[in-house]
Amino acid sequence: MHVRRSLRLPAITLCLSFFLLSTVVAGFAVEKPRIRVDDYEINAELFPTTHKLTAHAVIRFTALDDINVAVFELHNGLRPTRVVDAAGHALSVERVTQDSSVRIALPGGLSKNVSTSLTFDYEGVLASADDSPVEGLKLAYIGPETSYLLYAGRWFPLAGYGVNRFTSTINVTVPAGMKVIGSGRVQSSGTHPSGGKVTYTFNSRKPSFPGTIIAGKFEEKTTGSNVHVFLKPNHKQLAAAYAETAEKEFVYFSSLYGQPPSPLLYVVELPDDTVPSAWAPEIAAIASRGVTEKTNYRLLANAIAHQWWGVSVSPATRDDYWLQEGAARYSEVRYVENAAGSAGFEEATKDMSVGALAYDTIPLSSAGKLDPFSSEFQSLTTDKGGMIFHMLRWVVGDPAFNKTMLEFAAKFAGKPASARDLRAVAEANHQEPLTAFFTQWLDGTGAPEFHDKYSVYRVAKGFRVVGEISQDLDLFKMPLQLRIDTDGKSELQRIDVVGTHSPYAVETFGKPRRIILDPNSWVLKMSPDIKVRIAILRGQQLMAQGDFNEALKEFQKSLDSNKNSSLAHYRIAEVFLLQKNYQAAANAYREAISGDGEPRWTEVWGHIQLGKIFDLTGQRDRAVAEYRQALQTNDNTQGAQEEARKYLSTPYSKDTSKDPSTT
């Protein structure tokens, strides 16, 4: 499956939410839902020492068409032992492992709009990723340290994943001493009469996507605003910082989108053997690798933003997934703007642009046709979706955009929404049609590559610039910002670009020296720098899949565009290092250090990685020299200084490292 990897940091940031963990099917295609689940009543017991789950679930659902079979998704590691209808009659069950589904025959059929219930008894062992709905990824696991039953893991029978909102009452019995975190009003029964067990009840009466359960031994930290942080004991010293950051983000998003669906927020640490981040009603979960001394506020912000975009407002169809994931992604970027200023905002926007254009081969309005685990699907729904919100802000202006997002969140709170719904709210606030905008970015593919030709003339009050902007998309229509650097101060001008050739004329007081198109990256566009980053992103994704030869080809493409790209050389070095080709890796790290220095962290981590190579090849003096050069950079990106100091005192001798770019 695909995971998004950030080019902003050396860490390949894995920002995968529950939302992306959608149905795996052979020959994926969007099918019209035939049932709607309305409510669950689940009694589950966890046996951590044997990794076993036993459960009893009553499912109330409504037929959306005349049906003879009810189909649910269920983790392949779980086996239904008995299924009965509302009258208590036993029903036959067909297990289809290819798509992790169970098919229940309904002898009398069920007419459209008629509701009924089925009762499942099922059990199984959840110890590995072998039977996961997503090949190779654990989404449901029961064990002594931490147990997690993610909604995405299909640990209870599901229908309409990510689209079907439902209510639930979930009772979870665990050994005494374990804390259980879930969605909804919670009750603990205390120790069972038999001793050694405790039952937690989670009651969710607002239709949404509850069903995520996390159990284990946690240290809890609570703020005054009902933010609860649950970290493992070895991270308890970080709880206060994460609680403070989560509270700031929760308050910030409330100022943008109104009150969240619940005033409670549980920030929970997940093990590293599952997704890097996840969300559910009242829950923002991040994996242990994301719980660091330097608070991973971007990963946390994305998970928290899903309380509005996912928990509250959800997609009406799979083609509308970009509303949820794009809004959460842009919320993350806006928090970067709030916390790190314009420089951080600009870099985060570039990150988003790279992802948006990496696999822009199908219109966003048809994204539901793609395999939801593909690189294409994530690039479209998350990054291109985020860029649409970013560009909408530029087109309508901050006041109208902020009002649009606030009203959209309020109008569709607790409901599904479509692209048409967003457009209607935006047009009402902009007071102009946005047909061209939404048609361009939802129904089209690609992005313009702008070119500018201009002449400067002296006039009575200064200077006049007469020019023409060209690009290759005939139907393109967007406002574009020009920054004109003059002998005096820089001046900003907003012009309309329509079609392939757009003439313009602007006047300045000072003599123009340089004109920069879209200096603040408000418009999704292709450029030489973006092309380099796209090739690197594709290469990183191929590396993650273990296809090193194809990854090297992608990295070489980036060098064809910019032979001095430090990032491209660094990524090439990673491939060689994984292949234990130490000489080639060392050469590539040297090229990264002497390259264009973008991003800055390639220097410090290049020296550290060279030091490790020298340690591995028995050249301690040269290794020490590299670690010292790393310290002299004073760059502490992702704990680089601590890493260098560690190996100054103790030679590196393992095949694994803390280097964030390879974790």
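These figures come from a predicted structure and were not determined experimentally.
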### Test salt bridge (Lys or Arg N to Asp or Glu O under 4.0 Å) applied to E293 - qualifying residues, sequence neighbours left out
none
### Message
Can you list everything that forms a ring-ring contact (aromatic ring centres under 6.0 Å, His included) with F218? Sequence neighbours excluded, please.
### Response
none
### Message
Assess, by modelled atom type and distance only, whether the side chains of E41 and H56 contain a donor and an acceptor separated by less than 3.5 Å.
### Response
no
### Query
For the ring pair Y161 and Y151, is the centre-to-centre distance below 6.0 Å?
yes
### Query
Would you find a donor on one side and an acceptor on the other, under 3.5 Å apart, between the side chain of T382 and the backbone of S379?
no
### Task
Name all residues meeting the side-chain contact (heavy atoms from CB on, under 4.5 Å) criterion together with A105; count only those two or more places apart in sequence or in a different chain, and write none if there are none.
S92
### Task
Could you list the residues that satisfy salt bridge (Lys or Arg N to Asp or Glu O under 4.0 Å) with R103, not counting sequence neighbours?
E94
### Message
Test of understanding: with side-chain hydrogen bond (donor to acceptor under 3.5 Å, both in side chains), list the residues that count as partners of T223, not counting sequence neighbours.
### Response
S225
### Query
Would you call E642-R645 a salt bridge at under 4.0 Å N-O?
no
### Message
What verdict does the ring pair (Phe, Tyr, Trp, His ring centres under 6.0 Å) test give for F250 and W308, after you've listed the backbone C-alpha separation in whole Å, the side-chain angles of each residue and the deciding distance to 0.1 Å?
### Response
CA-CA 10 Å; F250 206 44; W308 287 266; 5.7 Å; yes
### Residue pairs passing the salt bridge (charged side-chain N to carboxylate O under 4.0 Å, His left out) test where at least one lies in residues 241-270, sequence neighbours excluded
E244-K248
### Query
With distance as the sole criterion, is a donor-acceptor pair present between the side chains of K232 and T146 under 3.5 Å?
yes
### Message
Quick test of your reading: applying salt bridge (charged side-chain N to carboxylate O under 4.0 Å, His left out), list the pairs with at least one residue in residues 252-265, sequence neighbours left out, ordered by first then second residue.
### Response
none
### Task
Indicate the ring-plane relationship of Y200 and F202, choosing parallel, tilted or perpendicular according to the 30° and 60° boundaries.
parallel
### Message
Would you say that Y297 contacts E332 through its side chain, given a criterion of any heavy-atom pair below 4.5 Å between the two side chains?
### Response
no
### Message
Using modelled atom types and a 3.5 Å cut-off, is there a donor and acceptor pairing between side-chain atoms of T245 and backbone atoms of Y242?
### Response
no
### Query
Are the charged groups of D39 and R205 less than 4.0 angstrom apart, N to O?
yes
### Query
Tell me, do P48 and P175 make a side-chain contact under 4.5 Å, heavy atoms counted?
yes
### Query
Which residue pairs satisfy the salt bridge (charged side-chain N to carboxylate O under 4.0 Å, His left out) criterion with at least one member in residues 78-88, sequence neighbours excluded?
R79-E123
### Message
For D635, give me all partners under salt bridge (Lys or Arg N to Asp or Glu O under 4.0 Å), at least two apart in sequence or on another chain.
### Response
R600
#### Entry: side-chain contact (heavy atoms from CB on, under 4.5 Å) partners for S331, two or more places apart
F253, Y257, A305, W309
### Results of side-chain contact (heavy atoms from CB on, under 4.5 Å) for R165 - residues two or more places apart only
P207, S208, F209, S314, P416
### Task
Quick one: which residue pairs count as a salt bridge (charged side-chain N to carboxylate O under 4.0 Å, His left out) with a foot in residues 216-230, not counting sequence neighbours?
K179-E220
### Query
According to the interplanar angle, ranging from 0 to 90°, do the rings of Y652 and Y647 count as parallel (below 30°), tilted (30 to 60°) or perpendicular (above 60°)?
perpendicular
### Message
With a 3.5 Å distance limit and no angle check, can you tell me whether R289 reaches the backbone of D272 through a side-chain donor-acceptor pair?
### Response
yes
#### Entry: Min side-chain heavy-atom separation S312-P260 under 4.5 Å
no
### Message
Under a plain distance cut-off of 3.5 Å, with no hydrogens placed, do N76 and R154 share a side-chain donor-acceptor pair?
### Response
no
